[in-house]
Amino acid sequence: MSVLDDLAGGLVVSCQPLPDEPDDPMRDPYVQGRVAAAVVRGGAVAVRANGPADIRAIRAVLDVPVIGLYKHGTDDIFITPTAAHALEVAWAGADIIAVDATDRPRPDGRSFADTVRTIRERTDALVLADVSTTAEGVAAVKAGADAVATTLSGYTLASPQTDGPDLGLVARLVALLPVPVIAEGRYRTKEQIGRAFEAGAHAVVMGNAVTSPLWITRRLVPATPRAASAPKKRE
């Protein structure tokens, strides 16, 4: 039985501080470990976490599957951009390694297939391909990915720029691929989760809408009278 079977039909919660907010008070491995414990207590079947330190902290308190990644750099590809980053994620305790599988150049000059091969040779972890288009998903499976996630739709020039999740991509990948398709990217409501499963998703990942007080508060404050009356900042 694969660890992917443990995700089937469930909610995976991404436990990460905001990547564009270096002063996010949630940026602490101990804090992320407690957040992860809370979401699992609430019913999450697995967690997704960024960086070896957070992954180790979460692994120390939980025995559910961990999807690990390593955000690094400012290039187009920054989700586990190299094979070296992938190995660090695996050695920190991740069961599944999320890797950017778009067709953009990788900073180490290697292909996605090369990264998959290295993971296979040196770890027991599975590979989750984060993609933005149908073609990228098909190519990722040919390169050896164990599962595909729609994580990057809306974040590349090749994908539609929408406020909500790309449910169409979920449906297309499900129809074409022989591996599990995980719905991820801007899922914020129960209704969106339900629609993803209707489209055939193996599991759904939800992140900021559950685990980031900073992100949630920023979305709610504009509805308050005080925010409406506040003077606008000069550009």
Side-chain angles (χ1 to χ4, degrees), residues 1-21 23-71 79-80 89-90 92-99 125-126 128 130 146-153 155 164-167 170 180-199 201-220:
M1 183 173 176
S2 168
V3 67
L4 287 167
D5 295 324
D6 294 333
L7 275 57
L11 178 67
V12 179
V13 175
S14 184
C15 301
Q16 302 180 44
L18 292 182
D20 59 348
E21 182 53 79
D23 295 326
D24 186 347
M26 303 288 284
R27 193 176 298 282
D28 179 274
Y30 173 80
V31 171
Q32 292 304 316
R34 304 319 298 170
V35 170
V39 300
V40 170
R41 178 70 65 90
V45 298
V47 297
R48 178 169 165 130
N50 171 39
D54 285 7
I55 293 167
R56 282 193 289 268
I58 290 168
R59 176 54 72 208
V61 297
L62 294 174
D63 60 3
V64 301
V66 174
I67 300 173
L69 61 143
Y70 197 146
K71 290 181 178 176
I79 294 179
T80 322
V89 168
D95 304 286
I96 302 169
I97 305 174
V99 181
L126 300 181
L128 173 64
D130 284 348
D146 298 290
V148 171
T150 60
T151 314
L152 293 170
S153 178
Y155 302 103
D166 191 345
L167 291 158
V170 174
V181 174
I182 295 176
E184 181 173 5
R186 302 179 302 284
Y187 283 87
R188 297 163 184 157
T189 68
K190 291 191 298 182
E191 291 74 20
Q192 290 170 339
I193 293 172
R195 291 178 64 192
F197 282 116
E198 289 172 1
H202 182 76
V204 177
V205 178
M206 183 177 278
N208 291 335
V210 175
T211 60
S212 176
L214 177 54
W215 183 91
I216 295 166
T217 305
R218 282 177 174 172
R219 286 180 65 91
L220 298 175

Report the distance from atom [atom1] of [X] to atom [atom2] of [Y], rounding to the nearest 0.5 Å.
| X | Y | atom1 | atom2 | answer |
| --- | --- | --- | --- | --- |
| Leu220 | Trp215 | CG | CH2 | 8.5 Å |
| Gln192 | Tyr187 | CD | OH | 7.5 Å |
| His202 | Leu7 | NE2 | CG | 5.5 Å |
| Leu18 | Asn208 | CG | CG | 5.0 Å |
| Ile97 | Ile79 | CD1 | CD1 | 14.0 Å |

Salt bridge (charged side-chain N to carboxylate O under 4.0 Å, His left out) pairs, two or more places apart, involving residues 27-52: Arg48-Asp130, Arg48-Glu184
Shortest non-hydrogen contact from [X] to [Y]?
| X | Y | answer |
| --- | --- | --- |
| Ala94 | Ala125 | O-CB, 4.1 Å |
| Asn50 | Gln16 | CB-OE1, 3.5 Å |
| Gly10 | Phe197 | O-CZ, 3.5 Å |

Is there a side-chain contact between [X] and [Y], using heavy atoms and a 4.5 Å cut-off?
| X | Y | answer |
| --- | --- | --- |
| Val35 | Met26 | yes |
| Leu11 | Val45 | no |
| Arg218 | Glu21 | yes |
| Asp54 | Cys15 | no |
| Val205 | Ile182 | yes |
| Ser2 | Leu126 | yes |
| Ile55 | Val89 | yes |
| Val47 | Val12 | no |

Polar side-chain atom of Thr211 near backbone of Ser14 as donor-acceptor pair, under 3.5 Å: yes
Test item: Ser153 side-chain N/O and Asp166 main-chain N/O as donor-acceptor pair under 3.5 Å: no
Working for side-chain contact (heavy atoms from CB on, under 4.5 Å), residues Leu4 and Ile96: CA-CA 9 Å; Leu4 287 167; Ile96 302 169; 3.8 Å; yes
Would you list the atom pairs, donor with acceptor, under 3.5 Å between side chains in residues 56-63 and any protein atom, with sequence neighbours excluded?
residue : atom : partner : partner atom : Å
Arg59   : NE   : Gly93   : O            : 3.2
Arg59   : NH1  : Leu62   : O            : 3.2
Arg59   : NH1  : Val64   : O            : 3.1
Arg59   : NH2  : Gly93   : O            : 3.2
Arg59   : NH2  : Asp95   : OD2          : 2.5

Contacts of Arg188 that satisfy side chain to side chain donor-acceptor pair (under 3.5 Å) - sequence neighbours left out: Asp163
